[in-house]
Amino acid sequence: MKPNMGIIQALIRIAAGISMVGYATAALVTKPKQFTAHLTLLAGAIKIAEGIVRYCPSMTLINQFRQKRDSQEEE
């Protein structure tokens, strides 16, 4: 897994993930069965992990699509 994002973008993802996890934790304290808080917690954890390893699977797919589109336009 080769990193596909820069340091600044990784730090932004980590900060956003921590914010999402904090919000979800506060929401779950007041309403433990709130489904959207569980989803926010999961999404925040994923963003933190992406920032730490500096790899985003969706960015890989987008870059592959762009390369295919650019190669088709050149032909």
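Both backbone and side-chain heavy atoms feed into the values below; hydrogens, waters and symmetry mates do not.
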>> Tell me if a side-chain donor or acceptor on Asn4 pairs with a main-chain N or O of Cys56 at a distance below 3.5 Å.
In response: yes
>> Among Ile48, Thr25, Thr40, exactly one meets side-chain contact (heavy atoms from CB on, under 4.5 Å) together with Met20. Which residue is that?
In response: Thr40
> Do you know the tightest heavy-atom contact between Ala37 and Ala27?
Replying inline: CB-CB, 3.9 Å
>> Is there a path of hydrophobic side-chain contacts, each under 4.5 Å between heavy atoms of I/L/V/M/F/W/Y residues, joining Leu11 to Ile46?
In response: no
> With hydrophobic residues grouped by side-chain heavy-atom distances under 4.5 Å, do Leu42 and Ile18 end up in a single group?
Replying inline: no
> Looking only at atom types and distance, does a side-chain atom of Arg54 sit under 3.5 Å from a main-chain N or O of Met5, one as donor and one as acceptor?
Replying inline: yes
> Counting N and O atoms only, with roles assigned by atom type, does the side chain of His38 sit under 3.5 Å from a partner on the main chain of Pro32, one being a donor and the other an acceptor?
Replying inline: yes
>> Can you tell me how far apart CE (Met59) and CZ (Arg66) are? Round to the nearest 0.5 Å.
In response: 8.5 Å
> For the residue pair Met1 and Tyr55, what are the closest heavy atoms and their distance?
Replying inline: SD-CD2, 3.3 Å
> How far does OG1 of Thr60 sit from NZ of Lys2, to the nearest 0.5 angstrom?
Replying inline: 10.5 Å
>> Less than 4.5 Å apart, side chain to side chain, heavy atoms only: is that true for Gln64 and Arg69?
In response: no
>> Once rounded to the nearest 0.5 Å, what's the spacing between atom CG of Asp70 and atom CG of Asn63?
In response: 10.5 Å
